[in-house]
Amino acid sequence: MSVRDKDGHFITDPHSQKERWKEHFTELLNPPLSDANLDDLDGVPSQPSFDYLSCSDGPPSRDEISYALKKLKNCKSAGVDEITNEQLKYGGSALVGQLELLFKKGMGRGGDP
């Protein structure tokens, strides 16, 4: 595969080619923060999420948690916590109980868990 440096010249050394690919993807995936203009967001109205929930709503019940877990799709990638949907779906009543405690604790504080 042909690889070119920033000036457009071909790179023939395999090690230099790897370094150029590394440089390319580092620049592509890690743009400088100074390029972002957040002033454009000032005029955008905020969108409330979960408007159907009120402060008087309590944490989800065991049945609500079980229902939500059953609706998860299989064969999906795990998140940053490396927990798969299958682990959540088939965690059983012990997991539902722990999630219920977590939600109660998080909502009881009035903030994020």
Side-chain angles (χ1 to χ4, degrees):
M1 178 182 283
S2 300
V3 179
R4 296 177 185 246
D5 63 12
K6 288 187 173 187
D7 298 324
H9 301 101
F10 286 107
I11 302 172
T12 56
D13 177 46
H15 178 71
S16 298
Q17 288 179 344
K18 287 180 186 178
E19 288 300 313
R20 176 62 185 121
W21 278 115
K22 179 181 174 184
E23 178 185 26
H24 169 73
F25 282 107
T26 299
E27 291 172 0
L28 180 68
L29 300 173
N30 301 308
L33 295 177
S34 61
D35 290 349
N37 185 2
L38 299 180
D39 294 335
D40 295 339
L41 298 176
D42 289 339
V44 177
S46 63
Q47 297 289 323
S49 58
F50 303 114
D51 352 332
Y52 56 88
L53 294 176
S54 70
C55 292
S56 62
D57 287 335
S61 67
R62 290 178 76 89
D63 290 336
E64 291 171 322
I65 295 168
S66 294
Y67 177 73
L69 292 176
K70 286 178 187 174
K71 287 178 35 177
L72 293 174
K73 294 181 179 181
N74 289 336
C75 301
K76 295 293 182 180
S77 298
V80 293
D81 56 9
E82 298 183 12
I83 299 173
T84 64
N85 285 354
E86 289 84 356
Q87 289 172 313
L88 293 171
K89 284 178 76 168
Y90 305 117
S93 60
L95 176 64
V96 172
Q98 291 300 312
L99 289 173
E100 182 182 31
L101 291 173
L102 177 69
F103 294 139
K104 283 181 181 177
K105 186 174 184 179
M107 292 185 80
R109 283 190 330 186
D112 296 328

Practice problem: May I ask whether Leu101 and Leu88 are part of the same hydrophobic cluster, defined by side-chain heavy atoms of I, L, V, M, F, W, Y residues being less than 4.5 angstrom apart, directly or through others? | Solution: no
Exercise. Find the distance between CG (Leu69) and CD (Gln87) and round it off to the nearest 0.5 Å.
Key: 12.5 Å
Quiz item: Rounded to the nearest 0.5 Å, what separation is found between the CD atom of Gln98 and the OG atom of Ser93?
Solution: 10.5 Å
Quiz item: Given side chains that start at C-beta, do those of Lys6 and Arg20 come closer than 4.5 Å, heavy atoms only?
Solution: yes
Quiz item: If you measure from NE2 on His24 to CG on Leu29, what distance do you get to the nearest 0.5 Å?
Solution: 8.0 Å
Self-check item: Salt-bridge contact Glu86-Lys89 (side-chain N to carboxylate O under 4.0 Å)
Solution: no
Quiz item: At what distance, to the nearest 0.5 angstrom, does OH of Tyr67 lie from CD of Glu64?
Solution: 11.0 Å
Quiz item: Can you name the nearest heavy-atom pair linking Phe10 to Ser2, along with the distance?
Solution: CE2-CB, 3.6 Å
Quiz item: Can you name the closest pair of heavy atoms from Arg4 and Ile11 and give their distance?
Solution: C-CD1, 3.9 Å
Quiz item: Looking at CG of Leu95 and CG of Leu102, how far apart are the two atoms once the value is rounded to the nearest 0.5 Å?
Solution: 10.0 Å
Self-check item: CA sep, side-chain torsions, deciding dist, call: Tyr90, Asn74, side chain to side chain contact (heavy atoms under 4.5 Å, CB included)
Solution: CA-CA 11 Å; Tyr90 305 117; Asn74 289 336; 3.6 Å; yes
Exercise. Indicate yes or no for a side-chain donor-acceptor contact from Asp7 to the backbone of His9 under 3.5 Å, with no hydrogens or angles considered.
Key: no
